[in-house]
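Please read all numbers here as calculations on a predicted model, not as lab measurements. Below, read A as the first sequence line, B as the second, and so on, with proteins coming before strands; counting in each chain starts at 1.
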Amino acid sequence: MTMSAITTGIRRRTVLAGVSLAVLLAASPALAQDLSGEVVILQWQGGTDAEMWKKVEEAFVAKNPGVTVRELNITAQGDARGGIRTALLGGEVVDVLINTWPAFRAELVDAGILRPIDEQWATYNWDGKLNQSWKDLGSIDGVAYGLTYTYGDRSGIWYATEAMTKAGIEPPKTWDEFVASFDKLESAGYATPIAIGAKYWAHAEWFETLLLRTAGVETAAKLARHEIPWTDPAVKGALKKYAELLAAGCCGDPATMLANEWDAASDSVFKAKTSAYTMIGMWNNARAKNDYDLQEGVDYGLLQFPSLGAGFDDTSSVDTKELNVTANGKNPAVADAFLDFIVSADAANLMAGYGYASPSSAADNSLLGPVQQIATAAVAQSKVQFVLGDLLPGDLVDEYRVQLQKFLQDPSDANIDAVTAAIEAKAAEAY
Amino acid sequence: MHETVAASATATDAERSSRVAGERRKLLATRGWRIGDWPAAWLLIAPVLVLFGIAVVYPLVETIRLSFFDIKGLGKPKYVELGNYVRLFADPAFRNTISTTLIFTVATTFVSVSIGWLLAMLCSFAPRQTLPFRVMFFAAFGISEAVAGYMWIGILRPDSAGLLNAAIGLIIPGFSHPWLGDPNTALGALIVAASWGGVGLPLMLCFASVQAIPRTVLEAAYLDGATPTQIMRNIMMPLSLPGVRVAIFINLLGALRAFDIIFILTGGGPVRATETVGYFMYRESMTQFKLGYGAAATVVLLAAVLIISIPAIIQRTAGAR
């Protein structure tokens with residue numbers, strides 16, 4: 001064997017080894033890509049959520065020193081979708097999007113903005129951390145686009161411990177106990193036992209859980225897809241149950257409900273102490289701790305929606321937040337790595353410190369506070385349905401909320417017919 | 001003889017008029033444009049034209065163009081001719097906004113201008129002493145509507161901690177009314193809040209008009225024994241009408257386009273009781289992102305603004321040549 005033949009052999013082996021290594025690295029994006037450069041995250045959360053999000057980003061950068069995170073902040077009051085659309089249509093290029101509206105995910109997919117994450121799901125083995133139902137929740141027609149990183153119980157009712165003590169009652173477990181508690185609470189000085197903020201959307205929370213508890217998740221899902229009309233007896237049945245609540249003197253003057261939104265309702269329970277219960281998402285936990293300076297599980301608690309005995313008490317309404325990655329992002333490798341990080345133990349435990357539950361099996365749920373643990377357990381034991389309002393087309397959701405306001409003004413059977421007919425008329429145009 | 005004198009006089013008149021006409025032509029010629037001036041003129045006004053084109057003409061043309069498309073969210077636009085306009089006028093929510101906008105615009109303008117006008121008359125009797133008072137009112141005009149909105153939320157809170165409820169509570173203990181939550185009072189409360197910030201401008205415009213009245217006219221009225229009320233009614237009010245007209249025009253346009261204070265105080269509710277065309281436009285365009293439909297509402301609002309503006313602009317600039 002000549003020297004040149006040996007050299008050629010070595011060169012061949014070297015090239016082969018190099019090619020093999022390159023193939024191996026390419027198959028594993030986390031290793032193949034040098035995680036460096038800037039990743040842009042479209043961020044629209046405010047208050048404690050924004051603060052928590054900053055910590056998550058800092059933790060990610062600490063693990064990946066070559067990476068910088070730039071937030072594209074959208075200032076929004078209420079629904080942030082308008083701001084997000086404006087930013088994207090205006091030419092802003094982002095790598096990662098925070099999303100909480102399944103209908104909006106579909107809109108982004110239709111517009112070709114989102115990148116599927118099935119490959120990443122397999123590569124990073126997210127199946128080991130998230131069960132199939134979470135994957136399904138973030139998928140459209142079997143293709144995964146969203147990675148859920150937190151979820152919240154929307155069928156929980158917040159209560160002030162002091163109100164229960166003053167009224168001499170325990171947090172009610174059944175519908176009858178719940179309705180019966182109103183008189184005792186009124187006698188104890190809580191003139192409006194339930195605070196409902198109906199200025200924009202929070203009044204729909206009660207209807208949505210009542211629909212689940214009286215007709216089940218399948219019916220609610222069919223309604224969301226408009227496979228049954230809004231004039232269906234199931235919808236009217238849920239509204240009649242809501243009317244029962246109003247007739248029992250739960251919520252005071254409808255005009256006061258219409259003047260307030262969920263935050264004012266929360267103030268009535270935890271600050272002004274004029275109400276005992278309010279129903280709103282888990283973000284109220286951070287508000288109670290940070291804004292009212294209350295101790296979770298001591299000054300306030302969360303009771304799962306009282307059982308109605310209609311055969312659907314194992315149902316809950318939930319919301320989630322997911323991350324989407326964009327097709328035109330400048331740094332897809334880092335974006336994917338960020339998604340992997342968000343379901344890691346580090347991120348999940350960091351979020352737990354802020355009172356947010358993670359669906360990741362890597363999360364240590366013992367870090368959650370007592371109230372969040374109640375909510376997490378309730379969701380785990382329930383058949384869940386996403387918040388109805390976030391599943392409806394934009395055209396319809398506005399009409400739905402306005403008609404429910406009209407229902408609050410007049411919860412009679414005749415008005416229930418009128419209200420459901422009006423929503424159905426809009427639904428007929430919207431689908 | 002008479003004929004000679006008459007003929008001579010006629011000739012002199014003709015010469016005089018011919019001379020005047022010639023001088024006028026000469027004057028006009030010197031004031032007129034020469035072709036050589038045009039490039040410099042265009043160059044001088046070019047920056048303004050460019051800015052005007054970018055900031056006004058382009059968005060306007062684009063809005064009108066968008067109004068012929070059906071755009072839902074981030075989806076592809078679909079040309080629908082006049083479809084958005086047809087749908088708009090068939091939409092009960094939009095029809096409701098027209099009457100709400102009319103009530104809001106007329107009432108806000110009436111309240112602001114009449115109070116501003118009356119205060120201007122009263123201030124004119126003691127201009128120096130009322131200076132701080134006028135400054136305060138005008139400062140309210142300068143405050144952002146968003147800031148004013150949050151202030152009014154504090155005043156109109158539904159519980160007894162609201163300033164208005166607390167004030168009424170001094171007379172009727174325990175009184176509380178959800179002013180912004182009751183559909184019967186929400187629009188009225190909104191009109192009061194919007195008018196509050198609108199008083200300053202009519203006050204200043206009418207005050208300036210009164211100050212422009214020759215002092216001799218007022219002194220003559222005093223000497224003739226006119227009472228302050230008579231002076232106000234018969235001299236100051238009629239002579240300050242040009243200022244009132246400008247104030248009405250400005251306030252009408254402001255009220256027609258009002259958005260911030262509605263967004264903050266009521267969000268168009270309760271049950272759309274305070275939804276004006278401006279707010280409807282925002283709701284459709286920005287929360288539902290139906291840009292074409294929202295643009296059609298914008299064009300309708302623009303037409304309303306033009307209907308008010310054009311006669312006023314023609315009237316205000318009629319003397320300019």
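- In the displayed structure, F175(B) atom CZ is contacted under 6.0 Å by more than 12 heavy atoms of other residues, nucleotides or ligands.
- Considering all non-hydrogen atoms of both residues, F263(B) and Y200(A) come closest at O-OH, 3.7 Å.
- Between E429(A) and R87(B) there is no salt bridge, since no side-chain N of the basic residue sits under 4.0 Å from a carboxylate O of the acidic one.
- Under the 4.5 Å side-chain criterion, counting only non-hydrogen atoms from C-beta, P158(B) is in contact with N260(A).
- Among the candidates L265(B), N184(B), T266(B), T185(B), the residue making the largest number of heavy-atom pairs closer than 4.5 Å to chain A is T266(B).
- With salt bridges taken as basic N to acidic carboxylate O contacts below 4.0 Å, none links K72(B) and D110(A).
- Using a 4.5 Å cut-off between heavy atoms, K290(B) contacts chain A through its side chain alone, with no backbone atom that close.
- Neither the backbone nor the side chain of Q403(A) comes within less than 4.5 Å of any heavy atom of chain B.
- If you measure heavy-atom distances from K199(A) to chain B, the contacts under 4.5 Å come from the side chain alone.
- Here the CG-CG distance, from D253(A) to D182(B), works out to 7.5 Å after rounding to the nearest 0.5 Å.
- For T274(A), no part lies near chain B; criterion is any non-hydrogen pair under 4.5 Å.
- Heavy-atom minimum distance, R85(A) versus Q288(B): NH1-C, 4.4 Å.
- For a residue to count as touching a neighbouring chain, one of its non-hydrogen atoms must lie under 4.5 Å from one of that chain's; by this rule R283(B) touches chain A with the side chain only.
- Nearest heavy-atom pair, A259(A) versus L180(B), reported as atom, atom and distance to 0.1 Å: CB-C, 4.4 Å.
- The shortest heavy-atom contact between V271(B) and K406(A) is CG1-CG, 3.6 Å.
- Annotation: side chain of F289(B) is not in contact with side chain of I84(A) (no heavy-atom distance under 4.5 Å).
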Pair T86(A)-M286(B), side chain to side chain contact (heavy atoms under 4.5 Å, CB included): steps then yes or no: CA-CA 8 Å; T86(A) 308; M286(B) 294 312 297; 3.2 Å; yes
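- No part of L408(A) comes within reach of chain B, as not one of its non-hydrogen atoms sits under 4.5 angstrom from that chain.
- Of all heavy-atom pairs between P183(B) and Q409(A), the closest is CG-NE2, 3.0 Å.
- Remark: L291(B) CG to L89(A) CG distance equals 7.0 Å, nearest 0.5 Å.
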Evaluation steps, side chain to side chain contact (heavy atoms under 4.5 Å, CB included), between D398(A) and T287(B): CA-CA 9 Å; D398(A) 192 63; T287(B) 67; 5.7 Å; no
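- Heavy-atom pairs under 4.5 Å with chain A were tallied for S176(B), G269(B), P92(B), G267(B); the largest tally goes to G267(B).
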